[in-house]
2 protein chains.
Amino acid sequence: MTQNNRSLTLRDVSEASGVSEMTVSRVLRNRGDVSATTREKVLSAAKELGYVPNKIAGALASQRVNLVAVIIPSLSNMVFPEVLAGVSQVLEDTELQPVVGVTDYLPEKEEKVLYEMLSWRPSGVIIAGLEHTEAARAMMNASGIPVVEIMDADGEAVDAMVGISHRRAGRVMAASILEAGYKKIAFLGTKMPLDHRARKRFEGFTETLAKSGIEVAEREFYSGGSALAKGREMTQAVLERSPDIDFIYYSNDMIGAGGLLYLMEKGIDVPGQIGLAGFNGVELLQGLPRRLATMDACRREIGVKAAEIIAASVNDNVTEKSVTLTPKISFGDTLLRK
Amino acid sequence: MTQNNRSLTLRDVSEASGVSEMTVSRVLRNRGDVSATTREKVLSAAKELGYVPNKIAGALASQRVNLVAVIIPSLSNMVFPEVLAGVSQVLEDTELQPVVGVTDYLPEKEEKVLYEMLSWRPSGVIIAGLEHTEAARAMMNASGIPVVEIMDADGEAVDAMVGISHRRAGRVMAASILEAGYKKIAFLGTKMPLDHRARKRFEGFTETLAKSGIEVAEREFYSGGSALAKGREMTQAVLERSPDIDFIYYSNDMIGAGGLLYLMEKGIDVPGQIGLAGFNGVELLQGLPRRLATMDACRREIGVKAAEIIAASVNDNVTEKSVTLTPKISFGDTLLRK
DNA sequence: CTCTGAGATGTTCGCGCTAGCATCACAAAC
DNA sequence: GTTTGTGATGCTAGCGCGAACATCTCAGAG
C-alpha cells in the first residue's frame, strides 16, 4: 500500500511470501494446484504490497490477450452506445473485455484506429460497416483474428457479419408511406457521404418510390449542431419551399423529433396533414408528445450477436458467419396505417 | 497481404528486406538514422507482408505504454461522451491514446475496471468522481501513475483533480430560484445513492433553501427507462400530489425536458405559473420549444484540462494539480430573472 | 594515404511473465 | 524397505521488441 517509484513484479510478491514466482503466478491466476496455506500467504502478500499483475508481460508470454476491439464511428448519438451495451453484456460472462475505438466516420481514421488496435493483438475485432479502405481490409485478413462487421448486411464481409439490410429498411418504409396514401414526400438527412448505411436506406427508399412513379419532392441535409434543432430548422425550410409536402422521412429519430416538435407548435395536423417517420427506434421517442414512426435498428441485438460470434471463435466453436436481423417498423402516431 | 496462421514479427520483415530487426524497428518507429533507401526497402516489405508491430512486446521492452485509462460511470447519457471528446481532442496532438472503461456507477465495478486498466500499465488515469473504494484509492496510490479525478471538486484528490463544485452549483441554482420569487419548490432526480455529484447538488440546493426558511415541498426519484418519459411521469405525479408547486428543479436536463414538454401540453404557463431548471447544459436543449434553465457542467473543458494534466506529467512538466471550473447558469426561458 | 567523425547498421540483453517440464515430499501399496 | 502415485512447487526458456552499446562505412580533412 506504500507508493513506490518502480512498479512491483512477481518477484516482489514471491520474496514477500517466500515461494517461487511461478507459484505466485499460479495463485493469482487460479491455475494449477496450490495448497490452501500457500494460496493464503501469497494473496495476503500481494494485497499487502498492492501488487497488480502486469498484463503486458503476461500477454507476451502466454500469447493471449483477452481484449476485443470494437470500432465504431461515433459515441455521441444514441445508436452505438446501445450496440456496446449488447457487446458488454455478452462479454461479461467471458474472460474477454471490449475496448472501444472511434472513427468519426472517417475511413483514414478507421484505418489508423484498426492498426492501433491490431497492434495489441486482440482476440477479436468488431467493426461497424462493410466499407473499409483496401489497407484496412488487408490488415483484417492478414491478422488471423476473428472479425465481425456489424450494422449492415448489404455487402460482403471480410470474415463474419451481423446487421440489418438498410436498403430493405428504406424500401419497407417507403412502401408503408405509399400504402398510407402519402404522395409528396421529403427526405431530411445528414450531410455524410461516408455514412453508407444512411445512403443505402435512402437508395432503398427512392427505389420503392420510383416503382410507384414517385420522386422525392424535397431533400435537405445538415451537418453539425444539435440534431433536434437541425430537425426543426430543416423541416421549416422544406415546408417554406414546398408547403404541400405531406410526408417527411428523416434519416434519424433525433431530427425527426425536432421536426415533430416544430410541426406541433405550428398547429399542423400530424399525421393527417403531414406524416413523419424517422429511423433507429431510440428510447428518447417514448417521451415525445406523439410517438414518432420509426424502424428499430436492432442495435442491442447486433452487439449481442457479434460478441457471441467472437466468444465462440475464441473457444474454437463454429458459428453462423453471417446474421441478418429484420428490423420491425413501428407506426407510432405519425404515420397513418392503411 | 496473405493470411497467415501465426502472426508476423520483426524477424519476418527483416528477412524480407535483408536488414537487421533493429533497423526495421527503427524505420517503423521513425527513430534514429536510417538511410532513405533502406527505409523504403523496409517500408515496402512491411506493407507487402501486412506487418503490424506488436505493441505488447514493444511496451514490455520499452517500459512505455501510450495509453490513458479513462474511467467513467456511463456512456448512455450525454455527459460523459462530451468529456471524452475533450480528452481525445487533447490527446490527439500527443502520442497518447484514451482507453475507456465504464463502471455503471458501481464502486465494485469501478475497482475491477481500475485493476484491469492498471494491469496494462497506462501512462495516466482519468477517473470520474472523488469517491472510490479504499482498495481503488490504494491501487492508484501504489501505481505511481499520474491520476486525475474529474467532474467533482468537493473533496480530496488522490493525485490531481479537475471539476466543478456541485454543492455550489446546487446553491447557485437555489439562490436564483429564490431570487425570482418561487416558493413552493419540488426536486426530481434519479434513484442513485451512488451518484455523489447529484447528491452534492441536492445538498447544496437544500442548504440554500433552508437559509431562507424553505424546504423542498416535493421530491421524486426514478430509475431506468427513458429519461424524457420519466420526466413527464414524475412531473405529472408531483403536480397531482401538490398542484400548488411553482418550481421544479430536475437533476438532469433530460428529465427536465420531459417535464417541460408535459407542462406545455397541459397549457401550463412556464415560467409564469411554474418555473423549471435542469442541470448539464446538454446540446439537446437547443431544439426544445423553450430553452430550459440549466447550468453548464463544463464537461468538455474538464476533459481537456484532465488530458492536459496527464500529457504534462508524461513529459515531466509540472502543472496545476487541482482545477476548479465555475459553471455558469443559463436562465433560458423557464426561470424568471429578477 | 591515413585519420577522423558522423551516419548507418548490427548485437546483446532483458522487460515481467507463463508454458512445459522437472523435481520434491509424502502417503499408501506391495 | 522399495515402489508408485499424486499433489505441490520450482526451473528454464523463451514471447517480440527496444535501449544501450558496438561496429562498420565512407566522405572529407590533413
Side-chain angles (χ1 to χ4, degrees), chain A residues 4-43 45-46 49-66 95 116 118-123 143-144, chain B residues 4-43 45-46 49 51-66 95 116 118-123 143-145:
Chain A
N4 6 23
N5 11 19
R6 69 183 167 291
S7 188
L8 296 162
T9 73
L10 272 188
R11 153 151 272 113
D12 294 294
V13 183
S14 102
E15 281 169 2
S17 54
V19 298
S20 72
E21 294 177 38
M22 199 58 233
T23 302
V24 176
S25 171
R26 278 196 272 255
V27 169
L28 296 177
R29 287 179 300 143
N30 286 311
R31 225 38 84 77
D33 297 311
V34 182
S35 70
T37 45
T38 309
R39 154 168 272 107
E40 279 315 308
K41 222 170 23 181
V42 169
L43 284 177
L49 294 169
Y51 174 71
V52 177
N54 185 331
K55 287 220 176 171
I56 298 188
L60 184 62
S62 68
Q63 303 283 47
R64 275 186 286 96
V65 181
N66 296 324
E95 295 198 303
E116 197 70 29
L118 288 180
S119 74
W120 291 100
R121 303 290 189 264
S123 291
S143 70
Chain B
N4 5 26
N5 11 19
R6 64 179 173 293
S7 188
L8 296 162
T9 73
L10 273 187
R11 153 150 271 115
D12 296 292
V13 182
S14 101
E15 281 170 1
S17 55
V19 298
S20 71
E21 294 177 37
M22 198 58 232
T23 301
V24 176
S25 170
R26 277 195 272 253
V27 169
L28 296 178
R29 286 179 300 141
N30 287 310
R31 222 42 79 76
D33 297 310
V34 182
S35 71
T37 44
T38 309
R39 153 168 272 106
E40 279 315 308
K41 221 170 25 181
V42 169
L43 284 177
L49 294 168
Y51 173 72
V52 177
N54 186 331
K55 287 221 175 172
I56 298 190
L60 185 62
S62 68
Q63 303 284 55
R64 275 187 287 94
V65 180
N66 295 324
E95 297 197 304
E116 199 70 30
L118 288 180
S119 74
W120 290 100
R121 303 289 190 265
S123 292
S143 71
I145 293 172

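Naming convention: chains lettered A, B, ... in sequence-line order (proteins, then strands); numbering from 1 in each chain. Given the structure is predicted, the values throughout are model-derived calculations rather than measurements.
Between S62(B) and dC15(C), a side-chain N or O to OP1/OP2 separation shorter than 4.0 Å is absent. Put simply, R11(A) has no side-chain N or O that comes within less than 4.0 Å of OP1 or OP2 on dC17(C). Close to dC17(C), at under 4.0 Å from its OP1 or OP2, lies no side-chain N or O of Q63(A). Contact check, S20(B) against dG10(C): a side-chain N or O comes under 4.0 Å of OP1 or OP2.
By the side-chain hydrogen bond (donor to acceptor under 3.5 Å, both in side chains) test, D12(A) pairs with T9(A), sequence neighbours left out. Looking at residues two or more places apart in sequence or on another chain, you find no salt bridge (Lys or Arg N to Asp or Glu O under 4.0 Å) involving E40(A).
Within 6.0 Å of CZ on R11(A) lie no more than 12 heavy atoms contributed by other residues, nucleotides or ligands.
Using a 4.0 Å heavy-atom cutoff across all strands shown, L10(B) reaches sugar-phosphate atoms only and no base atom. As judged by a 4.0 angstrom heavy-atom cut-off over every strand, D33(B) is placed among the base-contacting residues. Residue R39(A) is classed as having no contact, given no heavy-atom separation below 4.0 Å to the nucleic acid. The residue R26(B) sits close to a base: some heavy atom pair falls under 4.0 Å. Looking at heavy-atom distances under 4.0 Å, R64(A) makes contact with sugar-phosphate atoms alone, never a base.
With contacts defined as side-chain heavy-atom distances shorter than 4.5 Å, the pair L28(A)/L10(A) qualifies. Side-chain contact between N30(A) and R39(A) is present, with heavy atoms from C-beta onward closer than 4.5 Å. The shortest side-chain heavy-atom distance between Q63(A) and R121(A) does not fall under the 4.5 Å cut-off.
Remark on DNA chain C: of its neighbouring residues V19(B) and N54(A), the 5'-side contact belongs to V19(B), judged by nearest-heavy-atom nucleotide. Of the two residues near DNA chain D, Y51(B) and A36(A), the one whose nearest nucleotide lies more 5' is A36(A).
One interatomic measurement links the two molecules: CD of E15(A) to P of dG16(C), which rounds to 13 Å at whole-angstrom precision. The interatomic distance linking W120(B) (CH2) with dC17(C) (P) rounds to 13 Å, in whole Å. When rounded to the nearest whole Å, the span between CD1 of I56(A) and C1' of dG16(C) equals 10 Å. As a whole-Å value, the separation of M22(A) CE from dT23(C) P is 17 Å. In this structure, NZ of K55(B) is placed 17 Å from C1' of dC15(C), rounded to the nearest angstrom. Following rounding to the nearest Å, L28(A) (CG) and dT18(C) (P) show an atom-to-atom distance of 8 Å. What separates CD of E21(B) from P of dG10(C) is a distance of 11 Å, to the nearest Å.
S119(B) places no side-chain N or O within 3.5 Å of a backbone atom of V52(A) that could act as its donor or acceptor partner. Within the 3.5 Å criterion, the main-chain N or O of V13(A) finds a donor-acceptor partner in the side chain of S17(A).
Put simply, chain A comes within 4.0 Å of DNA chain D, heavy atom to any atom, from dA8(D) to dG16(D), going 5' to 3'.
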